[in-house]
Amino acid sequence: MLDKAYDPKPVEEKRLASWDAAKLSHSEPRDGKKPYTIVIPPPNVTGALHIGHALNNSLQDAFIRHHRMKGEEACWVPGCDHGGIATQNVMEKQLKAEKIDRHALGRDAFLERMQTWTRDCKKTILGQLHRLGSTLDWQREAFTMDEPRAQAVYHAFKTLWERGLIYRGERLVNWCVRCGTALSDIEVEREERKGHLYHIHYRQPDGSEGVVVATTRPITMFGDTAVAVNPKDKRWTHMVGKTVLIPFIDRPIPVIEDSYVEFELGTGALKVTPAHDQNDWELGERHKLAAIKAIGPDGKLTEAAGVYAGLSREKAQDQIVADLEAQGFLRKKEDHKSAVQTCYRCGSVIEPLLSLQWFVKQTELAKAPLKALDAGEFKIYPKNWEKPYRDWLVNIKDWCVSRQIWWGHRIPVWYKDGEKPLVSLESPGAGWTQDPDVLDTWFSSALWPLAVFGWPAQTKDLAYYYPTSTLVTGYEILYLWVARMQMMGHAFLDKPAFPDAVIHGIVRDKSGKKMSKSLGNVIDPLLMMDKHGTDALRFALMAQAFPGKDIAFDEQSVVGARNFVNKLWNSTRFVLMNLPETPAVYRLEARKFEVADRWILSRCQAALAKAKASMDEYDPAAAAGVLYVFLWDEFCAWYIELAKGRLTGAEGEGKDAARAVLVQVLAASLKAMHPIMPFVTEELYAAIKAYAGESAEFILRGGYQSLAGDWAAPDIEKEMGQVMAAVTSIRSLRSQLNVPPGLKIKAVVDGPFAAALLGKHKAYALLLAQLESLEPMNGGRPAQSATAVADGAVFHIPLAGIIDFAKERERLAKDLAKAESDIEKCEAKLKNLSAAATAPAEKVAEAREQRDGALARRDRLKETIAVLS
RNA sequence: GCCCAGUUGGCGCAGUGGUAGCGCGCUCCCUUGACAUGGGAGAGGUCAUAGGUUCAAAUCCUAUACUGGGCACCA
C-alpha cells in the first residue's frame, strides 16, 4: 500500500541506487542498433551547478530517456570543462583571500592547486547531475584537460598548423587588463556608458592654428601617428600634408586624407592611434603609419606618454583632461554616450592592444558548416537562430587562441634561437623553450564531440557514436561553442558534429530579470529538489521550456508540479486499492467496455501520440502539457470517477474491464511521462507493472508501449462530451442554488439526449451529479423545481422550499443571454460559410449543429422562465 | 543603423484561419472511503495599435509603438 502522500527523498535514493547498480545508463556500440548520442555541454569547474544547468541537463536527460525508450542505443557522455580564465579567476580570488600572490607562488604550484580544486569541483558537479536523475554514461566521464583530451588538442593544433590555418602574429587584440590576457572577439561584451567627447587642439610646429580632433579617450593621444580628415571636407583641406604636434609631448604627426573619416562625427578630424583602435589600425595599414603603444598590458601608460607614464588608465584620464584644460588645449567637452567593451569573465573594460598572439584562420574552416546549414544537414531548433548563426559564419574573423594565463593547454610550440618554431607536445631537447601561453578554453571545447570518443585515434566508439545526434545548449554560446564544434567536426572528420542543435532559453527570476549573485535572486536547484522533489523541479522547468524561450522562474511552479506528482501518486494508489492483492494481468483484449472506457482509451491514445511526437520534435514542454491535461483533467477528474461505480460493485466482467482500462492507461501514461519525471514514474510503474502484464525491471529497459489496439473513437468522444456537459450543468445549478455537495437530489430529464442519459449513461449521471434518482419527464415539469439546460438535455430538479425564485430567474436569464450570444456567433459563422463557395461541407454541418443546439437551449430556457414568471 | 523574437484575463504563459485556454492568484461551497499537495462552481480578456488579405483573423500580410535579444557602428 502506498503512503497517502508522495515523499520524494526515499524514492529518489532507492531508484538512483537501483539504476546505478544495473548500470542502466551505460552504452556500448551495438552493431545493427541505431545510436542516439549527446555530449554534455561540459560545465566549467568553477563551483556548483545553477538552475540553468538543471534545465539544460533535464532536457538532455529527457531526450536520452526518450530515445532509449524508443529502442535506440542512447549514450550521453558526462564531463567537465577546465574553464580557462573563469576557473583561474576563481582560484585567484581564493589566493587573494589567503593573501597569496600568484606569481610568488609560481606556475607549477599554482597548477597543482588548480588540480586539487578541479578534482573536488568535478565531484560536486557530477554528483549534482547524478541527483538530477541524469542517465549519463558514468563510465565515459571526460575532462577537457585529461590526457586523452590533451592529445586531441595537440593533434588538432598540429594538424591546423600543418594545413597553414594557424599563425602567430602581432595584431590588435582585445586585452583584459584585469585578467591579463588577450580575448577573442566573441568573448567581449558591449555596454553603453555615459562619458565625454573632448575636443583637443593639435597646433602646428610654428605655433599656428592646427586641427581640433574629438576623442572620448584623450589618454590614447600619445599613441597617435596621424590626424586624418576626409578628402572632401573643405574645412580641413588647408591642413592636409601639414604637420601637427601632440600636446604635452610635442611629437609631430602628419595630417592625412582618408575617406573613412566622416564629416558629421566629432570635428571631422580624426586622431589616428593604430595601436589602440581597430579602425585606426586599418587606417594605419593603408597609410603605412607606425603603431605606437601608449598603454601597456598592465593598463598603465607607457614611456610614450612622457610624464604620464606609469599612471593607470583612469588616473591618467583625469589628470590629462585637467592639464589639457589648464594649458588651453581643451576646446570643448560635451556629454557623449559610447559603447565600451567589457570582459565576459570579469566585466572590466577591454583595451584594444597590439600584441603577439596565435590565431586560427576561420574563413576556410567556416565553409563546410555553412554548406551543411544550407543543405539542411544541420538544423537549429528553434529555426530563428539559424540566421544569426549563418551571419556569424559569413562575417567570421580570425580567432585569437592564445591566452596569457596558466590554466589550460599550454601551446605546444617550442622556440630556440636561430631555429624555426617547432610544434611538439614534449620538449624537443636542450635549449628549446615552450611558448608560455595557453590555448583558449573554447579550443578544447570545440573538439569535445570528437575527443570524448577517443579522437584522434580511430576508435570503435568514434565510428559508432560520431556524428553525435543532438546538442542541447543555451543561445549565449551559439558562436562561442556550437559553431566552433561544427567547424572542427568538419575539419577533422568531414562531418558535422551533430545534425541538430536545440537552443533553450535562460532561466530568469520570476520578474524576468537575469539571475545573479549580486542581485541576490539566484535559485538553487538543490534547494528546490530538497523542498519539492527532483521530479517536481524537472517538470516545472520542462513544462515551461518552450523552444527557445526564456523562463520566468517562480518557485510556485515547482509547488504546482509537486502537486501534480502527488496526483499521479494518488491516482496509482487508488488503482492499486481496487486491484486484487495477488497480481492478475488485466489486458485490454476482449473486455466488456462501456462508453467511458472507450472514451478514455481514445483520449489516451491521442495524448500518447502527441507526447511522443512532441519529444521527437524537441518540445518537451508540449509533451508535458498534453500529459498533464490528460492525466489530471481527463483520467483523474473524469475517468476514475466514472469507473468508481463498477469498482465499488460486485466482481464481474464490468469491474474487470474498468480495472484493465485503469491499469493499461496508467501504465502507458506513466511511461510517456518517464522522460520528464523519471523517479515517481519508475516507482509507480514498478507497483502496477505486474497487473499490466509487463516484466521489464526498468521503464528504460521496457521502453514505450502504446495501448494494444486502435482506440481512436471520435463518436464516443462526442457522446461522452455530452454526458460531461449534462453533469456540469447539474453541478452548476447545485452550486448556484447552494445545494450541499453531499445532498443527493432527484431530477427529471427531457430532450433528445434524455433517452441516452436514462439508459446507458444513467449510472454516470447519478454518480457524478450526486443524484438520488433520474426519471423521464412524463407528467410535465415538476412544480417548485429548478432547471438546468445542456445541449440535448433539460433537467428539472424539484427543490420545494429551497428555491429562491427570484434568484432562479436571474440564473436562467444569464444562461439565456449566453445561449443567445452563442446563437448569434453561430449564425454569423453560418452566414460566412454559406456565402463562400469554398467553404468545407463538414464545417458547415458542424456550425449548423452548434447553432441548433444553442437554439434548443434558448427555447427551453425561455419556456422555463415563462413558467416561473 | 540592420536583423530576429515577443506584446493574450492581476501575474507567468500556451494557442498558426472557424464561438479565447492553462498554471498561480481571486470569490463561494465542500473534509463524501485515491489525493485539502484535494474536489465542485464562479468572477475576470474588444488577444498592443492602425490598416489590409479572407466567407471567416489572436492566428496570414503591411506599418507603428513598446519590450527583449543578435549583429554592426560609435571621433
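A quick note: this is a predicted structure, and the numbers were derived from the prediction, not measured. In what follows, every chain begins at residue 1, and chains take the letters A, B, ... in the order their sequences are listed.
Side-chain contact of A:K271 with A:T220: a donor-acceptor pair under 3.5 Å is present, judged by distance alone.
Closest to the A:K843 side chain, of the nucleotides B:G18, B:A34, B:C74, is B:G18. Residue A:P741 places its side chain closer to B:C29 than to any other of B:A72, B:C29, B:G40. Considering only the side chain of A:K829, B:U19 comes nearest among B:C55, B:A41, B:U19. Of the candidates B:G39, B:G23, B:G18, B:G23 carries the atom nearest the A:Y628 side chain, counting heavy atoms from C-beta on. Distances from the side chain of A:N832 to the nucleotides B:C35, B:C55, B:A20 place B:C55 closest. Checked against B:C74, B:A5, B:G39, the side chain of A:K567 finds its nearest nucleotide in B:G39. With B:G18, B:A41, B:G39 as the candidates, the nucleotide lying closest to the side chain of A:Q736 is B:A41.
Other residues, nucleotides and ligands contribute at most 12 non-hydrogen atoms within 6.0 Å of the CD atom of A:E581.
Look at CZ on A:F553: it is 16 Å from C1' on B:C11, rounded to the nearest Å. In this structure, A:D633 atom CG and B:C35 atom P are separated by 19 Å, rounded to whole Å. The CZ-P distance, from A:R573 to B:G33, rounds to 12 Å in whole Å. Between the CH2 atom of A:W632 and the C1' atom of B:G39 there is a distance of 11 Å, given to the nearest Å. In this structure, the CG atom of A:L265 is 14 Å from the P atom of B:G1, given to the nearest Å. Atom CD of A:Q556 and atom P of B:C13 are 16 Å apart (whole Å). In this entry the distance linking CD of A:Q341 with C1' of B:A72 reads 12 Å, nearest Å. In this entry the distance linking CH2 of A:W638 with C1' of B:G39 reads 12 Å, nearest Å.
Nucleotides B:G45 and B:G9 place their P atoms 10 Å apart, quoted to the nearest Å. B:C26 and B:U64 have their C1' atoms separated by 36 Å, with the value rounded to a whole Å. To the nearest whole angstrom, the two P atoms, one in B:C24 and one in B:C60, are 29 Å apart. B:A5 and B:G10 have their C1' atoms separated by 25 Å, given to the nearest Å. B:A57 and B:U62 are spaced 15 Å apart, taking the C1' atom of each and rounding to whole Å. Look at the P atom in both B:U8 and B:U49: the space between them is 10 Å, to the nearest Å. The separation of B:A50 from B:G69, taken at their C1' atoms, amounts to 26 Å, rounded to a whole angstrom. The same atom, P, is picked in B:G33 and in B:G18; the two are 44 Å apart, to the nearest Å.
The residue A:T728 sits close only to the backbone: its heavy atoms come under 4.0 Å of sugar-phosphate atoms, none of a base. Using a 4.0 Å heavy-atom distance criterion, A:S732 is classed as a sugar-phosphate-only contact. Across all strands shown, A:F546 has heavy atoms under 4.0 Å from sugar-phosphate atoms exclusively, and none from any base. Among the protein residues, A:K831 comes within range of no part of the nucleic acid, since none of its heavy atoms lies under 4.0 Å from any strand. As judged by a 4.0 angstrom heavy-atom cut-off over every strand, A:K387 is placed among residues touching the sugar-phosphate backbone only. A:E641 comes within 4.0 angstrom of a nucleotide base, judged by non-hydrogen atoms across all strands. Residue contacts for A:R193: at a heavy-atom cut-off of 4.0 Å it reaches no nucleic acid atom on any strand shown. Note on A:V629: nothing from the nucleic acid sits closer than 4.0 angstrom, heavy atoms only. Using a 4.0 Å heavy-atom cutoff across all strands shown, A:A5 reaches at least one base atom of the nucleic acid. Residue A:Q850 is classed as a base contact, given a heavy-atom separation below 4.0 Å to a base. Contact annotation for A:D822: base contact, defined as any heavy-atom pair under 4.0 Å involving a base atom. As judged by a 4.0 angstrom heavy-atom cut-off over every strand, A:R562 is placed among the base-contacting residues.
In RNA chain B, the stems built from three or more successive Watson-Crick or G-U pairs (distances below 3.5 Å) are B:1-7 with B:65-71, B:10-13 with B:21-24, B:26-30 with B:38-42, B:48-52 with B:60-64.
For A:Y6 and B:G38, the shortest distance from a side-chain N or O to OP1 or OP2 is not below 4.0 Å. Between A:K744 and B:U32 there is no side-chain N or O to OP1 or OP2 distance below 4.0 Å. An OP1 or OP2 oxygen of B:A41 is reached within less than 4.0 angstrom by no side-chain nitrogen or oxygen of A:K814. For A:K549, no side-chain nitrogen or oxygen approaches OP1 or OP2 of B:G68 to under 4.0 Å. Taking 4.0 angstrom as the limit, A:N279 places a side-chain polar atom (N or O) nearer than this to OP1 or OP2 of B:C74. Contact between the side-chain N/O atoms of A:N563 and the OP1/OP2 oxygens of B:G38 is found at a separation under 4.0 Å. Neither OP1 nor OP2 of B:G42 sits under 4.0 Å from any side-chain N or O of A:S735.
Results of the side-chain contact (heavy atoms from CB on, under 4.5 Å) test with A:R562 over A:K531, A:H532, A:M528 single out A:H532 as the only residue that passes.
The closest side-chain heavy-atom distance from A:E334 to A:Y198 is not below 4.5 Å. Put simply, the side chain of A:V213 does not reach to within 4.5 Å of the side chain of A:H199, judged on heavy atoms. Side chains of A:I380 and A:I503 form a contact here, defined as non-hydrogen atoms less than 4.5 Å apart. By the 4.5 Å heavy-atom criterion applied to side chains, A:Y381 and A:P547 are not counted as neighbours. Annotation: side chain of A:I506 is in contact with side chain of A:K514 (closest heavy-atom distance under 4.5 Å).
Between A:Y479 and A:D277, it is A:Y479 whose nearest contact on RNA chain B lies nearer the 5' terminus. For the pair A:L270 and A:G742, nearest-nucleotide mapping onto RNA chain B gives the more 5' position to A:G742.
Partners of A:K818 under the side-chain hydrogen bond (donor to acceptor under 3.5 Å, both in side chains) rule, at least two apart in sequence or in another chain, are A:D822.
We find that A:E827 and A:K829 are not joined by a salt bridge, their nearest charged nitrogen and carboxylate oxygen being 4.0 Å or further apart. Contact check on A:R851 versus A:E824 returns no salt bridge, with no Lys/Arg side-chain nitrogen under 4.0 Å from an Asp/Glu carboxylate oxygen.
A:Y6 and A:W569 have tilted rings, their planes meeting at an angle from 30° to 60° on a 0 to 90° scale.
With hydrogens and angles ignored, no donor-acceptor pair closer than 3.5 Å exists between the side chain of A:K4 and the base of B:C35.
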